[in-house]
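Structure, as structure tokens:
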Number of protein chains: 2
Amino acid sequence: MAGSTLRDVARRAGVSIRTVSNVVNGSVPVSEELRTRVQAALDELDYRPNLVARNLRRGRSGMIALVVPELDVPYFAELAREVITATRAHGYVVMLDQTDGDGERERELLGRESRATMFDGLLLSPLTISAEELRSRTNRVPVVLLGEHIFNGSFHHVAIDNVAAAREATEHLLGLGRRRVAAIGDQPYSTGETAQLRTIGYRQALERAGLTVDEDLIVPTQRFHRHLGAQAMEHLLALPEPPDAVFCYNDLLAIGAMRAAARAGVRVPEDIAVVGVDGIQEGQYSSPSLTTVAPDKAQIARTAVGTLLAVIDGSAPPPTETKAPHQLLVRESTVGTGGAGS
Amino acid sequence: MAGSTLRDVARRAGVSIRTVSNVVNGSVPVSEELRTRVQAALDELDYRPNLVARNLRRGRSGMIALVVPELDVPYFAELAREVITATRAHGYVVMLDQTDGDGERERELLGRESRATMFDGLLLSPLTISAEELRSRTNRVPVVLLGEHIFNGSFHHVAIDNVAAAREATEHLLGLGRRRVAAIGDQPYSTGETAQLRTIGYRQALERAGLTVDEDLIVPTQRFHRHLGAQAMEHLLALPEPPDAVFCYNDLLAIGAMRAAARAGVRVPEDIAVVGVDGIQEGQYSSPSLTTVAPDKAQIARTAVGTLLAVIDGSAPPPTETKAPHQLLVRESTVGTGGAGS
DNA sequence: CTCAGCTATTGCATCGTTGCAAAAGGCGCA
DNA sequence: TGCGCCTTTTGCAACGATGCAATAGCTGAG
């Protein structure tokens, strides 16, 4: 009932604890006779190794944690799946943890009483926490950062080229002949840098096209959620001179924006074209389907996991910045039903 | 570097290991003088308790695991958020694990070398694994089941009343005057029972309305994903006498179905009304927005977590079947833009 | 001045497992 | 018959923390 231990099994089989351990682990040769006797005892007592004890002894757990702000943000859920796949390929196991983008929780995760010590390494997608904080807190556990960039080069980091991604998205809109291109999702005061990089890319595209940036068309949002995208779109549509296209900093904002447009009787893409970032499944099935810049999530996951495991086993190079590929997926929200749909 | 232990701190502060432990835990009184001296040593060495060792000694980890088939299915992601919230309220921590709905992985999770032993309890949302298997495998770790019903009453179980939910969804469609109501998502051969219960509710509604069930209008699907909903809808639209309404067994199927309808030029809800189950955020922002039967996820989470913790501390009643409330949210996909939108 | 009675501190054993090295048993060869 | 080698089996210590009970140190009462 309370779970049998090696000792119980050993007593029952009339052998030493160590021999039972050898049978369980299979690493050391055990005579056929004892092996069967021990095996029988194992079965009868339904022995399960106590992994906590094993991990303590071995000094590693075979588990890494993936820490994301919000699991119900589809991008993170989809990324999590890829991370799990990539990790399993190495014989490791992933546990997920959510911080809610709450700085307090992120700190708690890394602080004194940190759960982090139970894992061999962390894949961290930080939202609020800042660079120095991170560095001062994670000097024990191997860490690889996903997405958010941290300035000083003290961490391994995997992300897409946010400037290029934003630029390409905006250029796509310009290439369709749109001239008043808005942006939804800037976060000028956030500690995170992703939004700011996307704003840079957006500006680059406009400038290269010889257009001046209308600051009123850049709508900041606190976070990247659907309802904030809708709000931002309502704001834009109420302008004296509304835009004819919007670059949204992620797909959820875009979906909210499209919803607001629909409710206002504004047609997408005829009246206003919409493009997002993230390449989430939801965008494939929205009406209209969503044009998006899709990061290669599988590649991000593989790189991040590979790097983390290298850090864990000590074979890692010094901290690297890795850029993962991304790809513009053109769908109905910019080119209508005639386009490369689905 | 390798992480300092109580021993290191004790040596440095010139006190016993036990005293350091007392300072760290704060449970036993320590004189002001020693306390400051130990605290200084703790800070200098940046001591972090080894949670693995602590858990071994204490016999509990303060962590439970939530095991779901697929994290990128929005229902599970949203449920996970509620579970995390509910669990934190009790001072526990949740780790998420994904089985991919793969029976192999579910078994692995519960099998001999089970990770489960590292957690104080499991919230399990089984997909493939069957009743006897579950029982024979989890005799160690406290378990509460979510969603899928397991026949013999050997587990605590929390779910909505699937029959009633399906019946209400179907009745809603009938109440709008629809007479050829289809169903998407039956799984007559699955080990899981949820789909079968929903089919029962669907039939009940038709029968109570005095309609005969047209078996051709019940379209089974392997799983509950968007693309399968789209396929099923295409199939239905190709029938000689297509339906004027569809009850989809979850929101993803419904969203896929709506997408297929849009592509085929069939209007929702004018030509065909659509209702789903799950109440996921995505359905609020789709065009048209999706009518759905929404389980009270927060309530499910609270009940499940409360029950699990009771099982863990031994104060649990015998296994119970708990029905969580659900609610029909009427939106555009059944009543059009005139309805209780948003 | 002694002793009970309290508080602060400590040592030892223990949680369940595995690494290490020694012990025990079997066999061939001289 | 005796020695050494190889294989199987075992005992001990350790991973890092905490529960328990005993010790040391102090105060106040008789």
Side-chain angles (χ1 to χ4, degrees), chain A residues 1-39 41-42 45-62 112-120 140-141, chain B residues 1-39 41-42 45-62 112-120 140-141:
Chain A
M1 182 63 207
S4 38
T5 70
L6 284 183
R7 219 205 354 248
D8 303 328
V9 178
R11 240 194 302 258
R12 175 156 193 127
V15 297
S16 76
I17 293 182
R18 199 53 245 245
T19 299
V20 181
S21 171
N22 288 339
V23 171
V24 171
N25 288 291
S27 44
V28 177
V30 175
S31 72
E32 198 47 37
E33 187 209 333
L34 277 199
R35 155 165 274 110
T36 46
R37 207 162 85 218
V38 168
Q39 190 59 53
L42 284 170
L45 295 179
D46 192 21
Y47 169 78
R48 322 267 177 117
N50 179 324
L51 294 195
V52 178
R54 177 180 287 177
N55 293 345
L56 173 61
R57 183 62 241 231
R58 289 193 180 159
R60 38 173 304 255
S61 66
R112 266 287 157 78
E113 296 287 303
S114 164
R115 270 162 280 154
T117 52
M118 306 202 6
F119 299 95
D120 295 344
R140 295 276 178 273
V141 188
Chain B
M1 183 63 206
S4 38
T5 73
L6 285 183
R7 230 229 316 271
D8 304 329
V9 178
R11 239 194 303 258
R12 175 153 192 130
V15 297
S16 77
I17 292 184
R18 200 55 245 246
T19 299
V20 180
S21 171
N22 289 338
V23 171
V24 171
N25 288 291
S27 43
V28 176
V30 175
S31 73
E32 199 46 39
E33 187 209 333
L34 277 198
R35 156 164 273 110
T36 46
R37 207 161 85 216
V38 169
Q39 190 58 54
L42 284 170
L45 295 178
D46 191 21
Y47 170 78
R48 321 266 178 118
N50 180 325
L51 293 195
V52 177
R54 177 181 287 177
N55 293 345
L56 172 61
R57 182 62 241 231
R58 291 195 180 158
R60 37 172 305 252
S61 66
R112 264 289 157 78
E113 297 286 304
S114 163
R115 269 162 279 151
T117 54
M118 306 203 5
F119 299 96
D120 296 343
R140 294 277 179 272
V141 187

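Here the structure is a predicted model, which is why all the values come from computation and not from measurement.
The phosphate of D:dT18 (OP1 or OP2) has a side-chain N or O of B:Asn25 nearer than 4.0 angstrom.
Side-chain atoms of A:Asn25 come within 3.5 Å of backbone atoms of A:Ser21 as a donor-acceptor pair (strictly under, hydrogens ignored). One N or O on the side chain of B:Asn50 and one on the backbone of B:Val52 form a donor-acceptor pair closer than 3.5 Å.
Residues satisfying the side chain to side chain contact (heavy atoms under 4.5 Å, CB included) test with A:Ser16, not counting sequence neighbours, are A:Arg18, A:Thr19.
Residues B:Ser61 and B:Asp120 bring a donor and an acceptor atom of their side chains to less than 3.5 Å of each other.
For the pair B:Arg37 CZ and C:dT9 C1', the interatomic distance rounds to 12 Å; values are reported in whole Å. Per the geometry, CE belonging to B:Met118 stands 14 Å off C1' belonging to C:dT17, to the nearest Å. A straight line from CD of B:Glu32 to P of C:dT9 spans 10 Å, rounded to a whole angstrom. Atom CD in B:Glu33 sits roughly 15 Å away from atom C1' in C:dT7 (whole-Å rounding).
The two residues B:Ala41 and B:Val9 have their closest heavy-atom pair at CB-CG1, 3.8 Å.
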(message) One character per nucleotide, please: for nucleotides 9-15 of chain D, 5' to 3', B when the base has a protein heavy atom closer than 4.0 Å, S when only the sugar-phosphate does, - otherwise.
(response) BBB-BBB

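No side-chain heavy atom of B:Asp8 sits less than 4.5 Å from a side-chain heavy atom of B:Tyr47.
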